[in-house]
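Indexing begins at 1, ligand by ligand and atom by atom, following the structure's order.
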Amino acid sequence: MIKAYAAFEPGEKLQPFEYDPGPMGAEDVEIAVEHCGICHSDLSMLNNEWGITQYPFVPGHEIVGVVVDRGELVHQFKLGQRVGLGWHSGYCMTCTTCMSGDHNLCTHAELTIVGRHGGFADRVRANATSVVALPDTIDIHSAGPLFCGGITVFNPLLQFDIQPTARVAVIGIGGLGHIALQFLNAWGCHVTAFTSSESKRLEALEMGAHDTLDSRQPAELETAAGQFDLILSTVNVNLDWNAYIATLRPKGRLHFVGATLEPLDIGVFPLILRQCSVSGSPVGSPASIKKMLDFAAQHDIKPVIETYRFDQVNEALARLASGDARYRVVLSH
Ligand SMILES: NC(=O)c1ccc[n+]([C@@H]2O[C@H](COP(=O)([O-])OP(=O)(O)OC[C@H]3O[C@@H](n4cnc5c(N)ncnc54)[C@H](OP(=O)(O)O)[C@@H]3O)[C@@H](O)[C@H]2O)c1
Ligand SMILES: [Zn+2]
Ligand SMILES: [Zn+2]
């Protein structure tokens with residue numbers, strides 16, 4: 001039996017929960033969970049904000065642990081090897097999208113916390129294709145958040161071929177945003193942090209931003225008119241998107257990774273006249289995760305974490321919900 005923490009109703013506290021994972025699949029690995037980050041998506045799923053949550057619900061998709069069992073067709077991982085697992089737990093591996101290397105866009109991909117149980121547990125299983133080995137030099141205590149938060153902000157740099165000469169802004173300096181500042185700085189970009197928290201401004205500069213602006217002050221947005229090649233939105237709220245589009249350079253892009261629930265109210269003419277784009281993307285492929293881990297190890301990029309024990313999971317979720325976490329809450333065994 002796998003020992004986990006589950007919610008039985010939307011928004012309810014998590015309770016100890018055991019489940020039988022069944023026979024080992026031939027292509028599966030079983031991971032003994034050591035650390036698991038808490039992403040805002042875990043909180044949104046717990047509250048069924050996206051309408052896809054199945055209960056009992058075991059959150060957790062920023063997992064670092066050790067391979068303790070593997071199916072007979074799995075040869076790429078050794079028992080005892082340290083690995084990570086993120087938002088996806090398997091891909092169809094046959095569709096054109098998978099065959100093109102875009103596994104994270106596969107419409108048949110399995111989600112670690114939908115229709116299966118996640119990493120708030122002592123063990124978790126996944127198809128080996130979705131599991132990525134950790135580089136030896138990476139800090140294992142803080143590596144979990146790279147597997148969702150990290151890859152989500154790293155992938156756009158690959159997808160849009162962002163140059164070191166680019167001027168990039170990040171909206172929202174939380175779990176995703178604070179890793180984005182570090183990646184973008186190491187990538188060579190000029191980095192602006194948009195935050196609604198006065199108290200994060202200095203820390204944003206220390207994490208790699210070159211300047212900071214208030215994400216909710218129209219006057220501050222006006223000072224940035226026509227500046228950015230890329231804006232990464234990591235917030236889950238509605239902001240004045242037309243004011244942000246006015247801060248794009250010609251051919252600039254406003255890119256959403258934060259799951260804002262309200263529809264966007266965006267004027268088309270500024271997009272047409274300056275050939276700007278509005279887009280979104282989910283996490284990244286296993287190959288991109290591997291690239292990100294190597295980049296993080298090479299540049300000594302680490303999520304800034306607050307650690308809780310697994311039996312403090314409800315306290316840890318409340319800490320994330322408070323908005324005061326600096327910057328990612330991680331559960332550790
Ligand atoms: N696309 C994907 O594949 C993917 C992957 C992971 C997560 N997500 C989504 O990305 C979003 C961020 O996740 P996260 O884990 O980084 O969350 P988080 O740690 O809670 O950070 C979100 C940040 O948004 C800003 N914010 C929150 N409320 C705001 C408000 N009312 N006005 C202005 N700014 C506000 C805050 O930054 P400041 O204090 O700096 O203002 C906050 O730290 C969530 O919607 C999550 O579901 C998407
Ligand atoms: Zn596929
Ligand atoms: Zn996530």
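- For the ligand labelled ligand 1, residue Cys148 lies inside the 4.0 Å heavy-atom shell.
- Taking distance alone, with nitrogen or oxygen atoms compared against 3.5 Å, Val283 approaches ligand 1 more closely than that limit.
- For the pair SG of Cys92 and SG of Cys106, the angle at the Zn ion (ligand 2) is about 110°; rounding is to 10 degrees.
- Given atom 11 (C) of ligand 1, the protein heavy atom at minimum distance is Thr234 O, 3.3 Å.
- Not one N or O of Asn236 is nearer than 3.5 Å to an N or O of ligand 1, by distance alone.
- For the side chain to side chain contact (heavy atoms under 4.5 Å, CB included) criterion with Phe77, the lone passing option out of Val66, Val29, Val132 is Val29.
- Note: His178 and Tyr327 have parallel aromatic rings, judged against thresholds of 30 and 60 degrees for the angle between ring planes.
- Note: angle at the Zn ion (ligand 2), from SG of Cys98 to SG of Cys95, is 110° (rounded to 10 degrees).
- When Val237, Asn155, Asn104 are ranked by how near their heavy atoms come to atom 30 (C) of ligand 1, first place goes to Val237.
- On a distance-only criterion, Phe194 and ligand 1 share no N/O pair closer than 3.5 Å.
- Backbone and side-chain nitrogen or oxygen atoms of Trp50 are examined, and none is located within less than 3.5 angstrom of a nitrogen or oxygen of ligand 1.
- Shortest contact from atom 25 (C) of ligand 1 to any protein heavy atom: Val235 CG1, 3.6 Å.
- Below 3.5 Å of separation, one finds an N or O of Ser196 facing an N or O of ligand 1.
- Remark: of the listed residues Thr192, Val170, Thr247, Thr247 is the sole one forming a side chain to side chain contact (heavy atoms under 4.5 Å, CB included) with Ile231.
- Distances from the Zn ion (ligand 3) show that Cys39 has an N/O/S atom below 2.8 Å.
- With Tyr308 as the aromatic partner, Arg319 does not meet the cation-pi criteria of under 6.0 angstrom to the ring centre and within 45 degrees of the ring axis.
- For Tyr244 and Phe228, the gap between ring centers reaches or exceeds 6.0 Å.
- At a 3.5 angstrom cut-off on N or O pairs, Ile173 counts as close to ligand 1.
- Using a 4.0 Å heavy-atom cutoff, Gly149 is absent from the residues neighbouring ligand 1.
- Annotation: Arg216 places an N or O atom under 3.5 Å from an N or O atom of ligand 1; distance criterion only.
- Under the 4.0 angstrom criterion for non-hydrogen atoms, Ala204 is not in contact with ligand 1.
- If you check each of Leu320, Thr195, Asp42 against atom 40 (O) of ligand 1, the one with the closest non-hydrogen atom is Thr195.
- Here is the list of ligand 1 atoms found below 4.0 Å of a heavy atom in Gly174: 19 (O), 21 (O), 43 (O).
- Remark: ligand 1 and Cys39 share no N or O pair separated by less than 3.5 Å (distance only, no angle test).
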